[in-house]
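Side chains included, hydrogens not; waters and symmetry mates left out as well; all remaining heavy atoms used. Counting starts at 1 for both ligands and their atoms, in listed order. Nothing here was measured: the structure is a model prediction, and the numbers come from that model.
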Amino acid sequence: MRILVAQSGGPTAVINASLVGAVKRARELGHEIFGGIYGIEGVLKDKVIPLLQSELELEKISHTPGAFLGSCRFVLPEFGAEEYDVLFKVFEARKIDAFLYIGGNDSMDSVAKIYLEAQRRHFPMLVIGIPKTIDNDLVETDHCPGFASAAKFLNIVASEFVIDSIAYSEPSISVVETMGRDTGWLAASLKLSERLVKGLKTLIYLPEKPTSDEEILSDVQRFKDGPLLVVVSEGTVDEKGNYLKSTPVLDSFGHPKLGGVGEHVASLLEKIGKVKLVNPGFVQRAASHIVSGVDFQEAQMVASFAVDSVDDGKSGFFVAIDREKKNYLSTAKLVPISKVANKVKKVPQELLDNDMRGFVEYIEPLVDGLPDFLVR
Ligand code: F6P
């Protein structure tokens, strides 16, 4: 079998671990494996290379940030467009038997479209989507590879930063901005920081709970005298659903470019105290030096499972992660791609209730290797 794999959307610290998982499993099963450069956008231009890296090179790739093959934010047009003729000519010329696409919810739209187009053309190519996103917003899966490593990085950085900012007798209000688009999984993950810094209070603002400048000010007023971490997700909205901060620029999927809400909140809070702001930005998805071991292993597992699935003749699916609650154990399973494409999973209210106890239970097993600080 000749398998083509490509990467799409924003990278994560473990997206290359998935790539390597696919390459290794394909080799074990005796298949040939090829890489599409710059995602489907590159495949359309016939940018396809054989993946012939040595074991040592694969090992290095799996710990390297970014997308080894290159990525894209590219929306395939609706059916009937000439792009499909171009794309399927490439698949045909390269004799591709299976296409694996590692990506988030927008990329799963491409998987769904390519799968349907292959069926329409009676083209004998299998298609499977492999999850990745720090945003953790794919439906039908317990969580997404990439999320736990970004959460681990954010918790360590935020805790270290808070500890630094309480060094003086007058503590500063620490503010951190997280990514996550229209979901607050990454912002909510910072609840774990309360475990890392004794006496820390986190105030977390996320898209699932609309807020306002006034509410943030009054919450902070109540807690500003102790160690305080104000977390604000880039996609936080007001009661009318407007972002507290966004730019008029749209990405190629038509999403507004987010970012900058941390600065907005910090300048607001300067009215009532000393404020220190950290915006980890893209580092939160590139911090490969600090990946969660569970995340790394699962990133390989989902890709390896995708190869097993095409080896088994499966097509039109997405690889989801299931969790067994007792003694955390995760397994991979197939879900029809139509159930996943373009859908967004928000943080459920029950995980946020009761001082986020449910959320902490959900995330704790995913983020291993957190430090053990001691503050006075
Ligand atoms: O979807 C992953 C993500 O990192 C989001 O959290 C963020 O809003 C976006 O990508 C940034 O994307 P880009 O790399 O296109 O600027």
Can we say Glu28 and Arg25 salt-bridge, meaning some charged N sits less than 4.0 Å from an Asp/Glu carboxylate O?
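Judged by the 4.0 Å cut-off on N to carboxylate O distance, Glu28 and Arg25 do form a salt bridge.
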
Among all protein non-hydrogen atoms, which one is nearest to [atom], and what is the separation to 0.1 Å?
| atom | value |
| --- | --- |
| atom 6 (O) of ligand 1 | Asp135 OD1, 2.6 Å |
| atom 12 (O) of ligand 1 | Arg73 NH2, 3.0 Å |
| atom 3 (C) of ligand 1 | Arg285 NH1, 3.6 Å |

In terms of atom number and element, which parts of ligand 1 are under 4.0 angstrom from non-hydrogen atoms of [X]?
| X | value |
| --- | --- |
| Met179 | 4 (O), 6 (O) |
| Gly180 | 6 (O) |
| Glu234 | 5 (C), 6 (O), 7 (C), 8 (O) |

Hey, is Leu186 touching ligand 1 through its side chain, its backbone, both or neither, going by heavy atoms under 4.0 Å?
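For Leu186, there is no contact with ligand 1 at all, from either part.
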
Side chain to side chain contact (heavy atoms under 4.5 Å, CB included), that's the test. Do Arg121 and Asp85 meet it? Break it down for me.
CA-CA 10 Å; Arg121 289 172 186 248; Asp85 291 335; 2.8 Å; yes

Residue pair Lys191, Asp355: steps toward the salt bridge (Lys or Arg N to Asp or Glu O under 4.0 Å) verdict
CA-CA 9 Å; Lys191 185 73 179 168; Asp355 198 27; 2.9 Å; yes

Regarding Asp295 and His143, do their side chains bring together a donor and an acceptor under 3.5 Å, going by distance alone?
no

Would you tell me whether Thr202 and Ser193 have side-chain atoms, one donor and one acceptor, within less than 3.5 Å of each other?
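No donor-acceptor contact under 3.5 Å links the two side chains.
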
Report yes or no: does a heavy atom of [X] sit under 4.0 Å from some atom of ligand 1?
| X | answer |
| --- | --- |
| Gly104 | no |
| Gln284 | no |
| Leu258 | no |

Does an N or O from Phe282, backbone or side chain, lie closer than 3.5 Å to an N or O of ligand 1?
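No; the residue has no nitrogen or oxygen that sits under 3.5 Å from a nitrogen or oxygen of the ligand.
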
Taking N or O atoms only and a 3.5 Å limit, does Lys257 qualify as a polar contact for ligand 1?
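Yes; the residue has a nitrogen or oxygen that sits under 3.5 Å from a nitrogen or oxygen of the ligand.
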
NZ or CZ of Arg94 within 45° of Phe34 ring axis and under 6.0 Å
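Geometry flag: not set, cation outside 6.0 Å or 45°.
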
Considering only heavy atoms from C-beta outward, does the side chain of Ile156 approach that of Pro371 to under 4.5 Å?
yes

Students often mix this up, so state it plainly: with edges at 30° and 60°, are the rings of His289 and Phe153 parallel, tilted or perpendicular?
perpendicular

